[in-house]
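Treat the numbers as computed from the prediction; the structure is a model and nothing was measured. Sequence positions, counted from 1, serve as the residue numbers for this chain.
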Amino acid sequence: ADTGSGTLTIRANGEDFVRQGFTTKDGWQVSFDHVYVTLDDVKAYQTDPPFDPQTSETLEAKAEVGTDQAITIDLAEGDDSAEPIPVAELEVPAGRYNALSWQMVSAPDGAAQGYPLMLEGNATKDGETVDFVLQISEELSFTCGDFVGDDRKGLVSDGDSGDVEATFHFDHLFGDAETPADDDLNVGALGFDPLAALAQDGQLAVNSDDLEAQLSAEDYQILMELLPSLGHVGEGHCEETKLTT
């Protein structure tokens, strides 16, 4: 059994799509200046049995740590080689933290005040450039299992440190030109064309209410269904819930 204590850092990662930019499924080269996300009630767990969000099993925690203080971070912060952004650093009991949960809530202040998610940047295609600000008001809760990736995460030994990661997959919204067109990712993604069509004189500044009013009913529904798929732990999946406000 694990004994003692160590340090666990909870991080948030928008991946290279956010830090480096990427080409959407419909050919727009997107670059982000800021991607603000506000996280609250962030918790890491030692679960036994391991929690699988794709089943109906309840998360059974033998240890739980976290923070209930909302924090707004900019996932686009840093250069191409930047590390995932620290959300909280906690002194914790030693063990393996194999589940993570958080809420995505409205920012209480700052540039993204009033919105859980705000994306700011530009998109270019065939000589046309659209400067965009997308303010998304939907609040979501994510409960995730173990991190899936090249490295193992969540291991904390006595006197040592470990980390866990909340990962955000923005290619789910826009698709990815480097992925085959018939891949499920691209088939289900909104792309950027529907948003570019709303721009006037190369400018697009919209919130969720604007998007509901201006997008087609089909495209708005696609967007709303995609938002819960943002949250992952590496490539590991999460159980998503829309929060009532």
Chi angles and distances behind the side-chain contact (heavy atoms from CB on, under 4.5 Å) call for Leu119, Val133: CA-CA 6 Å; Leu119 297 83; Val133 177; over 6 Å; no

Audit row: Met104, Glu138, side-chain contact (heavy atoms from CB on, under 4.5 Å) steps and yes/no: CA-CA 8 Å; Met104 196 171 78; Glu138 280 65 30; over 6 Å; no

Steps toward side-chain contact (heavy atoms from CB on, under 4.5 Å) verdict (Ile85, Arg11): CA-CA 5 Å; Ile85 298 171; Arg11 300 181 183 273; over 6 Å; no

From CA spacing to verdict: salt bridge (Lys or Arg N to Asp or Glu O under 4.0 Å), Lys25, Asp171: CA-CA 9 Å; Lys25 73 171 190 177; Asp171 53 335; over 6 Å; no

Arg19/Asn13 under side-chain contact (heavy atoms from CB on, under 4.5 Å): CA gap, chis, key distance, verdict: CA-CA 10 Å; Arg19 291 188 295 267; Asn13 188 5; 3.0 Å; yes

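Note on Phe32: it clusters hydrophobically with Phe168, by side-chain heavy-atom contacts below 4.5 Å among ILVMFWY residues. Tyr115 and Leu134 are assigned to two separate hydrophobic clusters, defined by single-linkage of ILVMFWY side chains at heavy-atom distances under 4.5 Å. Clustering ILVMFWY residues whenever any of their side-chain heavy atoms sit less than 4.5 angstrom apart, transitively, puts Val65 in a cluster other than the one holding Leu59. Transitive grouping of hydrophobic side chains (ILVMFWY, heavy atoms separated by less than 4.5 Å) keeps Ile71 and Met118 in distinct clusters. Residues Val42 and Tyr45 fall into different hydrophobic clusters, defined by Ile, Leu, Val, Met, Phe, Trp and Tyr side chains chained together at heavy-atom separations under 4.5 Å.
There is a side-chain donor-acceptor pair under 3.5 Å between Thr72 and Thr38. No donor-acceptor contact under 3.5 angstrom links the side chains of Gln103 and Asp40, judged on distance only. Ser208 and Ser137 are linked by a side-chain donor-acceptor pair at a separation below 3.5 angstrom, with hydrogens and angles left out of the test. For the residue pair Thr167 / Glu165, a side-chain donor-acceptor distance below 3.5 Å is found, with atom types taken as modelled. Side-chain atoms of Ser5 and Glu91 include no donor-acceptor pair closer than 3.5 Å.
Between Lys43 and Glu64, at least one side-chain nitrogen of the basic residue sits less than 4.0 Å from a carboxylate oxygen of the acidic one, meeting the salt-bridge criterion.
Without hydrogens or angle criteria, Glu139 side chain to Ser106 main chain gives a donor-acceptor distance under 3.5 Å. Panel note: side chain Asn186, backbone Asp176; a donor-acceptor pair is recorded below 3.5 Å. A distance-only check finds a donor-acceptor pair linking the side chain of Asn98 to the backbone of Thr47 [under 3.5 Å]. For the pair Gln20 (side chain) and Ser31 (backbone), a donor-acceptor distance under 3.5 Å is absent.
Between Phe51 and Cys144, the closest heavy-atom pair is CD2-O, 3.7 Å. Smallest separation of non-hydrogen atoms from Val30 and Ala123: CG2-CB, 4.0 Å. Phe174 and Leu195 make their closest contact through CE2-CD1, 3.8 Å (heavy atoms, listed as atom of the first residue, atom of the second, distance). Leu215 and Leu198 make their closest contact through CD2-CD1, 3.9 Å (heavy atoms, listed as atom of the first residue, atom of the second, distance). Closest heavy-atom contact between Ala44 and Val164: CB-CG2, 4.4 Å. Annotation for Ala88 and Thr67: closest pair CB-CG2, 3.9 Å, computed over non-hydrogen atoms.
Of the inter-residue distances, the one linking Leu155 atom CG with Ser161 atom OG reads 11.0 Å to the nearest 0.5 angstrom. Separation of atoms CG (Leu140) and NZ (Lys242) is listed at 7.5 Å; rounding is to 0.5 Å. Here the CG atom belonging to Asp126 is positioned 10.5 Å from the OG1 atom belonging to Thr129, to the nearest 0.5 angstrom. A distance of 12.5 Å separates CG in Asp48 from CZ in Arg96, rounded to the nearest 0.5 Å. Atom OH of residue Tyr97 and atom CD1 of residue Ile10 lie 10.0 Å apart, to the nearest 0.5 angstrom. Taken from CG in Leu75 to NE2 in His34, the straight-line distance is 12.5 Å, to the nearest 0.5 Å.
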Hey, can you pull the donor-acceptor pairs under 3.5 Å for the side chains in residues 222-234, sequence neighbours left out?
unit_1, atom_1, unit_2, atom_2, d
Glu225, OE2, Gln221, NE2, 3.0
Ser229, OG, His172, ND1, 3.2
Ser229, OG, Leu226, O, 2.6
His232, ND1, Ser229, O, 3.3
His232, ND1, Leu230, O, 3.4

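The shortest side-chain heavy-atom distance between Val130 and Glu128 falls under the 4.5 Å cut-off. The closest side-chain heavy-atom distance from Leu90 to Thr7 is not below 4.5 Å.
Within the structure, the side-chain hydrogen bond (donor to acceptor under 3.5 Å, both in side chains) test picks out the following pairs touching residues 147-158 (sequence neighbours left out): Lys153-Asp163. Within the structure, every pair that satisfies the ring-ring contact (aromatic ring centres under 6.0 Å, His included) test and touches residues 182-227, not counting sequence neighbours, is listed here: Trp28-Phe192, Phe132-Phe192.
Aromatic pair Phe17/Phe170: centroids not less than 6.0 angstrom apart.
Screening Gln29, Lys125, Glu178 for a side-chain hydrogen bond (donor to acceptor under 3.5 Å, both in side chains) involving Thr23 leaves a single residue, Gln29.
Within 6.0 Å of the CD atom in Gln214, the count of heavy atoms belonging to other residues, nucleotides or ligands exceeds 12.
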